S.K.: 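So that we are looking at the same thing, I have put the structure below in structure tokens.
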Amino acid sequence: MALKMVKGSIDRMFDKNLQDLVRGIRNHKEDEAKYISQCIDEIKQELKQDNIAVKANAVCKLTYLQMLGYDISWAAFNIIEVMSASKFTFKRIGYLAASQCFHEGTDVIMLTTNQIRKDLSSPSQYDTGVALTGLSCFVTPDLARDLANDIMTLMSHTKPYIRKKAVLIMYKVFLKYPESLRPAFPRLKEKLEDPDPGVQSAAVNVICELARRNPKNYLSLAPLFFKLMTSSTNNWVLIKIIKLFGALTPLEPRLGKKLIEPLTNLIHSTSAMSLLYECVNTVIAVLISLSSGMPNHSASIQLCVQKLRILIEDSDQNLKYLGLLAMSKILRTHPKSVQAHKDLVLQCLDDKDESIRLRALDLLYGVSKKNLMEIVKKLMTHVDKAEGTTYRDELLTKIIDICSQSNYQHITNFEWYISILVELTRLEGTRHGHLIAAQMLDVAIRVKAIRRFAVSQMSALLDSAHLVASSPQRSGICEVLYAAAWICGEFSEHLQEPQQTLEAMLRPKVTTLPGHIQAVYVQNVVKLYAAILQQKEQAADTSAAQEVTQLLVERLPQFVQSADLEVQERASCILQLVKHVQKLQAKDVPVAEEVSALFAGELNPVAPKAQKKVPVPEGLDLDAWINEPLSDSESEDEKPKAMFQDEEQRHTKPRAPEADEQELARRREARRQEQANNPFYIKSSPSPQKRYQDAPGVEHIPVVQIDLSVPLKVPGMPLSDQYVKLEEERRHRQRLEKDKRKKKKRERERRGTRRHSSLHTESDEDIAPAQRVDIVTEEMPENALPSDEDDKDPNDPYRALDIDLDKPLADSEKLPVQKHRNAETSKSPEKEDVPLVEKKSKKPKKKEKKHKEKEREKKKKEVEKKPSKHKKKKHKKDKEERPKDKRKSKKKVPPADEEAAEPVENGTLEEEPLPPMSSYILLAENSYIKMTYDVQGSLQKDSQVTVSVVLENQSDSFLKSMELNVLDSLNARLARPEGSSVHDGVPVPFQLPPGISNEAQFVFTIQSIVMAQKLKGTLSFIAKNDEGSTHEKLDFKLHFTCTSYLVTTPCYSDAFAKLLESGDLSMSSIKVDGISMSFHNLLAKICFHHRFSVVERVDSCASMYSRSIQGHHVCLLVKKGEKSVSVDGKCSDPTLLSNLLEEMKETLATC
Amino acid sequence: MMRFMLLFSRQGKLRLQKWYLATSDKERKKMVRELMQVVLARKPKMCSFLEWRDLKVVYKRYASLYFCCAIEGQDNELITLELIHRYVELLDKYFGSVCELDIIFNFEKAYFILDEFLMGGDVQDTSKKSVLKAIEQADLLQEVRVRDSEEEEEDRGRGHPPYPGALTCGPQLPSSRRYRNGPPPCGVWPPRCQVGQLALKP
């Protein structure tokens, strides 16, 4: 013995512990992977040992390796072993490992259910604690469902240590098993007033988390939280509560008004920055939700802005960051208050920390006509200075965003904007070339007055294309050439030197550009060509016209050879066209008119959602077939669709970048107005996209008086700064003029009161734009539906928790009460069917009732004393909920039948009603008494079965002194009271009045269970009536079938599969013909009479499992054919199996 | 609610990870790698917050270790920062002036402390004292049971009934809390302060 011990400890000494492992890894820096794989091999050896300490050590090491990134999922089962160790030291390690590496995909996780349940109810609070902690990391929907009730019970544990953990984990349970929320909520609410502050704060945490996702269900808790807020001094709790209120106020404005005061008090008084920050945030949220109807909220906003300013000015970068973040929230509703701190924001743009600069950039949205140019100028200097490309890109998008926001409303001078865009093209390595291109296109299309200027700039850009697209890292920017080429082509009438631009676009270098840009080049070359032809022909300069044609004929072939299909196709098409024109030109036929007709008409921008908004005319079913579908119609169908798409793309390309919802709404309104006022808006036109240039409306569009002080043609690349200066001058002039006018006016008025002249305080409205630009808004179909709602994401995990908590709890919603596994397995069908043989079996029912009542009481306590008329047992595997109406109809069933309506077997219930079944078999009968019996085994006692005999008095005599006796065999004996001989009978513990039945139970000891057997026996009794009493006897034969040794045991399909794979089972099969019963009923019958449970069912095939009291596994595969059923069985004992199958055959033969 | 917490060194070695939302291994690795890159690339003067994917990341560097928490959009950054600090304080109290090596060699203890402090991503107890008390008592239980079981084994070896009442009149704790499982053999414990202690005031 001692030697063994010494040997054991020596073994353990040689094991590596965690420290050794860590040290080893540190010492093997060069061949770490090799060393670790060696260690893993050792660990695998250690895991094979029986010693739990060695295993725990191995698992601990594995947990460390898992952190280093090694896969340890193979050891999941060992982890469970260590979890179930009785010693806390090991259990702790097991749970730690589980919490680190288990997740929903871990298949063994379902094996932990019972272990966790055991630990949850452990007398040691630390066992419970460690189980709760672990569970919080890997809880799955199954675990949540099975353990919800246990955890709920723990919420009322005597120890606050457990209570707070149970409360916290409830949130995870709710997420995984939303059905548990309503039954558990009353208790959770109670915990808000728990005497222990830790539990209280845990409850606040959980409810706040819940309420943030679905605030409307928690409004009723507001008074309670209000009380907590004003009384609590714990900042952690306060922060949570305040955050909760932030979520509640949008739903209940009155709450907001009430909140402002305590919150402002807190803001004034607290020294904790985190709390201050939370208060400010919530006040902002409250004020946003109450943007109207608050009398003096400007004071609160001022307070917030003031406090935020303090944060931003703080030297702590974190506070600065958060201050800016919160400021941007205020910006949305109170831009004026933020603009007052523009200096601070601009200052932050110079901060060393990029994340702070980015935050500051966000605040720049609050620009006005007045300061836009100034701000952009500042940003442009940052663009030049910026180091990182990300920051520079961010700046670029920001510049474009603030300029284009609200339909360019802040831009007074578009020439300035175009030149800004052109300057931005000089940026190196930006990814946002397409953004600049989109802006150029958008502005050129929508601001008609600017086209001339834009075209001149774009042609300059095309001229210097080699600069733009020179180096590979500038590839992003070459997108602007796309825009440039298109603008020059489309608005070629504005070009000063079309010929020069044409040549620029036909340079051989162009072929190095990306395909889609080349394609645009080719297309627009023709547009330019058309314009030039027109020009030349009008000037009657035929030779020049022919020269241009010649140029095209020479240069186009380089595009025809392009690898890009689009370019190739367009180029070859156009080349043919030009050649044709050349022929005509040779004959002196004027062609310009016809060529330009190719591009007549103007393109208007279409709103991004226009297509979606076209209302479907009444009575039109788009899905209905117009003609009967042809069998091979695919190709025909595709074509028009493709063409349509092409057109769509072309129209939607030049559009503003993403516009937010508010903006859209605003625009929509503006557009409606415009459409109403515009007599030229063709209201019923099927395609309002195109308006021809020669349409009468065009002259009437209020196109621009361009201020002549701004030079239209800026030589070379202009600097935007010039425009800033010019703009200032212009504004100054404007002001002077206005003042003059005002003065005149005033002089004319000659009133006594003189107001100060507003000479130097110009407001936004005073600045008139340099060009009264006609901003063509995006086209929308008429009577477009105004809804812009985006549906919520249906996959949101928190949606399931959107549950009304104030409704009274329905019976069906109670948590499944977990019973001891044995209780569940013994819940075999017979018991439930008892009411069907009601008359004969009063006693068991009573028993069951008592049992149920106990449970009911327990439940009542748990579920806030809600009336519970009837209890729903949920079978473990009964995943599918039965439909509600079914439940309701069940409620109406008189209580006596209720139990009968309970589930009979796993999860197949909803299909069809089962025929009544009873496992009680007639034992014997005479004029006095009728005996029926049933045999039950239990997994706990491997050699005992209980025979329940129902005795029914059929006479009008009183039956007493009943005694049952059997002739014992070698294999089976009746268990007799101690001290009695083998020939003595066992007295029945009751008497039977006339017409009454009762059940008596007798225990038999069985040696071998593989064979069925019969025992002869006698019931003796005294029958007493008015005439006197007689001694009577009734002989019977007790039949122990093999089935009676089976115990219904549920089995998971994976365990089942493993069992089958193990190969230790012998096989046998039967086939029964002439079966008319449905498969479902058949299975129910097998489950019921032969005590199997369905493991899995696929169509007309099912696997079933059962276990004998001596632990034999019995697996069945039941297949239904047309009129026959075949049953393949596997069992650890061949004799048992063949006997079982024989019995089954008999049962099936009656089907 | 916190989504996860990571501890990693300046060299990009993960020292501790706690996931409050069950995540698959592959996803975890990807996120850890990505986040480490982002955080390590930040300059010392930068603020402790960043937006990453749909989460907010709050990190703080203590000596050579980065403590890094990912929180949800609505959560308070400052309180998370405080929470990190609180955790460091707890480690410091438990190990007595904690350094990175303490966490490496006793990583399971670091987890146990974290588990007593946070659960499911929420603060479990805001009081430092009660967290330390809980962890101390759990450790005590571990000691007792280890000793107890050893004695039990011995007793059984001698054929005596198990030592009665071992749980109630538990044996004396070793005076030094630091080396709970006995001090490591001479010379193998790495020199302390080698990588710099996790100064409380960074």
Side-chain angles (χ1 to χ4, degrees), chain A residues 1-2 5 18-19 22-23 60 63-64 67-69 71 73 87-89 92-93 96 100-105 124 126 129-130 132-133 136-140 161 164-165 168-169 171-172 198 201-202 205-206 209 212 234 236 239 243 273-274 277-278 317-318 320-322 352-356, chain B residues 1 13-20 22-25 29 32 42-43 45-51 74-79 81-83 104-108 111-112 115-116 119-127 130 134 137-138 141-143 145-146 149 153-154 157 159 181 184 188-190:
Chain A
M1 190 72 98
M5 222 185 72
L18 178 70
Q19 270 79 23
V22 176
R23 214 169 288 123
C60 187
T63 315
Y64 186 81
M67 187 167 69
L68 297 184
D71 175 40
S73 53
K87 283 175 195 146
F88 179 69
T89 319
R92 212 181 187 188
I93 287 169
L96 174 65
Q100 289 303 106
C101 77
F102 283 8
H103 51 82
E104 275 186 35
S124 158
Y126 293 103
V130 96
L132 284 172
T133 311
S136 75
C137 290
F138 59 79
V139 60
T140 63
Y161 177 80
K164 74 182 178 210
K165 280 182 192 266
L168 279 178
I169 201 180
Y171 178 64
K172 297 278 172 187
S201 95
N205 270 349
V206 171
E209 262 331 305
R212 265 159 65 180
N234 182 338
W236 304 71
I239 285 176
K243 199 184 287 296
M273 278 301 176
S274 49
Y277 177 62
E278 197 61 54
Q317 298 286 62
N318 294 335
K320 202 182 277 256
Y321 177 88
L322 293 177
K352 270 174 268 161
D353 186 348
E354 189 178 298
S355 36
I356 287 178
Chain B
M1 203 192 74
K13 285 252 191 303
L14 195 59
R15 294 300 179 212
L16 194 132
Q17 55 172 344
K18 191 85 199 173
W19 298 79
Y20 293 109
T23 324
S24 74
D25 271 350
K29 271 186 207 161
V32 168
R42 288 177 66 93
K43 297 192 186 92
K45 279 276 172 69
M46 284 184 161
C47 71
S48 303
F49 317 124
L50 55 116
E51 271 162 26
Q74 307 233 332
D75 292 326
N76 189 320
E77 292 93 339
L78 287 174
I79 205 77
L81 212 54
E82 242 168 85
L83 196 138
I104 298 173
F105 281 92
N106 296 293
F107 88 114
E108 84 277 17
Y111 276 119
F112 294 151
D115 286 342
E116 284 303 328
M119 191 168 130
D122 263 322
V123 185
Q124 202 179 124
D125 210 312
T126 52
S127 133
S130 68
Q137 282 182 346
L141 193 64
Q142 180 167 337
E143 292 294 336
R145 292 230 184 137
V146 168
S149 63
E153 264 173 38
E154 267 174 50
N181 297 321
V188 283
W189 191 265

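It should be emphasised that the depicted structure is a prediction, and the values quoted were computed from it without experimental measurement. Order of the sequence lines fixes the chain letters, A, B, ..., with proteins taken first and strands second; residue numbering starts at 1 for each chain.
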S.K.: Below 30° counts as parallel, above 60° as perpendicular, anything between as tilted: where do the rings of A:Y321 and B:F49 land?
M.R.: tilted

S.K.: Sub-3.5 Å donor-acceptor pair from the side chain of A:N318 to the main-chain atoms of B:S48, do we have one?
M.R.: yes

S.K.: Who among A:N234, A:I93, A:I356 has the most heavy-atom pairs with chain B under 4.5 Å?
M.R.: A:N234

S.K.: Can you tell me which portion of A:L18 sits under 4.5 Å from chain B's heavy atoms? Options are side chain, backbone, both or neither.
M.R.: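 The side chain, not the backbone.
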
S.K.: Give a yes or no answer on whether the side chain of A:Y64 reaches the backbone of B:F105 with a donor-acceptor pair at less than 3.5 Å.
M.R.: no

S.K.: Is B:K29 in contact with chain A via its backbone, its side chain, both, or neither, using a 4.5 Å heavy-atom distance?
M.R.: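 It is the side chain, since no backbone atom gets that close.
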
S.K.: So which part of B:L83 gets closer than 4.5 Å to some heavy atom of chain A, the side chain, the backbone, both or neither?
M.R.: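 Looking at B:L83, backbone and side chain both touch chain A.
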
S.K.: Checking side-chain hydrogen bond (donor to acceptor under 3.5 Å, both in side chains) against A:Y161, which of B:E116, B:Q137, B:Q124 comes through?
M.R.: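 Testing each of B:E116, B:Q137, B:Q124 against A:Y161, the sole residue satisfying side-chain hydrogen bond (donor to acceptor under 3.5 Å, both in side chains) is B:E116.
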
S.K.: Can you tell me which of A:S201, A:G129, A:G69, A:S73 forms the most heavy-atom pairs within a distance under 4.5 Å of chain B?
M.R.: A:G69

S.K.: Identify which part of A:Q100 has an atom lying under 4.5 Å from any heavy atom of chain B, answering side chain, backbone, both or neither.
M.R.: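 Contact with chain B is through both the backbone and side chain of A:Q100.
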
S.K.: Determine the option with the most heavy-atom pairs under 4.5 angstrom with chain B, choosing from A:K243, A:M67, A:K320, A:H103.
M.R.: A:M67

S.K.: State, without any angle test, whether B:N76 and A:S274 hold a side-chain donor-acceptor pair at a distance under 3.5 Å.
M.R.: no

S.K.: Under 4.5 Å heavy-atom distance to chain B, tell me which part of A:Y171 shows up: side chain, backbone, both or neither.
M.R.: side chain

S.K.: For a 4.5 angstrom cut-off between non-hydrogen side-chain atoms, does A:K172 reach A:C137?
M.R.: no

